[in-house]
2 protein chains.
Amino acid sequence: MTIKEAAERTGISVDNLRYYERIGLFPEIPRNASGMRDYDEMSLHWIDFAMRFKRGGMALEAIREYIQLALQGEATKPARKEILLDAKNDLEKKMAEIQESLDVINYKLDTYERKCEPITMDMVNAWKERQH
Amino acid sequence: MTIKEAAERTGISVDNLRYYERIGLFPEIPRNASGMRDYDEMSLHWIDFAMRFKRGGMALEAIREYIQLALQGEATKPARKEILLDAKNDLEKKMAEIQESLDVINYKLDTYERKCEPITMDMVNAWKERQH
DNA sequence: ATAAACCCTTAACTCAACTTCAGGTCAAGA
DNA sequence: TCTTGACCTGAAGTTGAGTTAAGGGTTTAT
């Protein structure tokens, strides 16, 4: 499969596929006789795997580290588990933060319906006043 | 309250407080006679408000826009509501993605317990082989 | 056999969000 | 009064994550 087809299947741009590979976000893709990338299902599997973490907001460096460890085999399992536990922690924290933001937004949208400001204009005016 | 105290209370660095103010993420902070920032409760309120959105992953530019609109009063309500609805949408999408990542992580952690690899070593070896 | 459409690499550029720096002002204690 | 430490501004530098450009091979349809 050409890089263009892989781009279509994954929804990642051709340039980004090359970029991610270069920084080690997934293993080097097989090449054909004339040096062009030839993606197979295994390639797509790795890409999907890495992208799942990326979409969760994990830093590319952490993903790279995990993948490189996975390629080194069994011995790196404890290290990988560590990375996953850290990631889980981050994601749970992020989840809670997003929920908090959503709560604020919903509260505000609700008060908009009621035609009264969550930060009331008199608060704003008081503040403007103070700035004289 | 000095900028240092404000930094301690908000958990934002002194430099970042100045930076955020400069880009309009919250209104200009009151100054004392000799031109130094003098934070009050209202200042902290705005900071907290902006940071809630930031933690949810909203772009600083969007937060800036919202705050500037809020300072312009009633007439900007529809525009602000629009921003909030967009933000809500983003956050809900992000929430779903994070949940997906968490599912994958939990699955992997679970298979680690069972001492079997989610991406099995024979898969990896097959791939390495192919790279000859 | 040549143009069009792909592919390759290396390196430079961009953008958001910080962070550091240089060069100065101000305030409180010894 | 002199020093030390916190504050100020404006500008330059850094980092992470791409994106674009330059210069060159390859494949395919005409």
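Computed from a predicted model, the values in this text were never measured in an experiment. Below, chains carry the letters A, B, ... as their sequence lines are ordered, and counting in each starts from 1.
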So the side chain to side chain donor-acceptor pair (under 3.5 Å) pairs with at least one residue in residues 11-21 of chain A (sequence neighbours excluded) are A:Glu21-A:Arg37
A:Met36 atom CE is separated from D:dG25 atom C1', nearest whole Å, by 6 Å
Evaluate the criterion side-chain contact (heavy atoms from CB on, under 4.5 Å) for residue pair A:Ile67 and A:Leu25; output intermediate values, then yes/no. CA-CA 7 Å; A:Ile67 304 260; A:Leu25 215 58; over 6 Å; no
Sorted by chain and number, sequence neighbours left out, salt bridge (charged side-chain N to carboxylate O under 4.0 Å, His left out) with B:Lys4 holds for none
Side-chain donor-acceptor pairs under 3.5 Å in residues 49-65 of chain B, sequence neighbours left out?
| unit_1 | atom_1 | unit_2 | atom_2 | d |
| --- | --- | --- | --- | --- |
| B:Arg52 | NE | B:Asp48 | OD2 | 3.4 |
| B:Arg52 | NH1 | A:Glu100 | OE2 | 2.7 |
| B:Arg52 | NH2 | B:Asp48 | OD2 | 3.1 |
| B:Glu61 | OE1 | B:Arg64 | NE | 3.1 |
| B:Glu61 | OE2 | B:Arg64 | NH2 | 3.0 |

In numerical order, the residues of residues 7-20 of chain B whose heavy atoms come under 4.0 Å of DNA chain D are B:Arg18
A:Asp38 CG to D:dT27 P, in whole Å, measures 12 Å
5'-most to 3'-most nt of DNA chain C touching chain A (<4.0 Å, heavy-atom partner on protein side) reads C:dC6 to C:dT9
Would you say a side-chain N or O of B:Arg37 is under 4.0 Å from OP1 or OP2 of D:dC8? yes
By side-chain hydrogen bond (donor to acceptor under 3.5 Å, both in side chains), A:Lys81 pairs with (sequence neighbours left out) B:Glu113
Taken to the nearest whole Å, CD/B:Glu28 to C1'/D:dC8 is 14 Å
(request) Would you indicate what B:Ile3 reaches in the nucleic acid, counting non-hydrogen atoms under 4.0 angstrom: base, sugar-phosphate, or nothing? (result) sugar-phosphate
Within residues 54-62 of chain A, those residues having any heavy atom closer than 4.0 Å to DNA chain D are A:Lys54, A:Ala59, A:Leu60
Taken in chain and number order and not counting sequence neighbours, the residues that satisfy side-chain contact (heavy atoms from CB on, under 4.5 Å) with B:Asn89 are none
B:Gln99 meets the side-chain hydrogen bond (donor to acceptor under 3.5 Å, both in side chains) criterion, sequence neighbours left out, with B:Asp103
The salt bridge (charged side-chain N to carboxylate O under 4.0 Å, His left out) partners of B:Glu41 (sequence neighbours excluded) come to B:Arg9
side-chain contact (heavy atoms from CB on, under 4.5 Å) filter on B:Ala7, not counting sequence neighbours, yields B:Val14, B:Leu17
Heavy atoms of A:Ala70 and A:Thr76 approach each other most closely as N-OG1, 4.3 Å
So salt bridge (charged side-chain N to carboxylate O under 4.0 Å, His left out) across residues 83-97 of chain A, not counting sequence neighbours, yields none
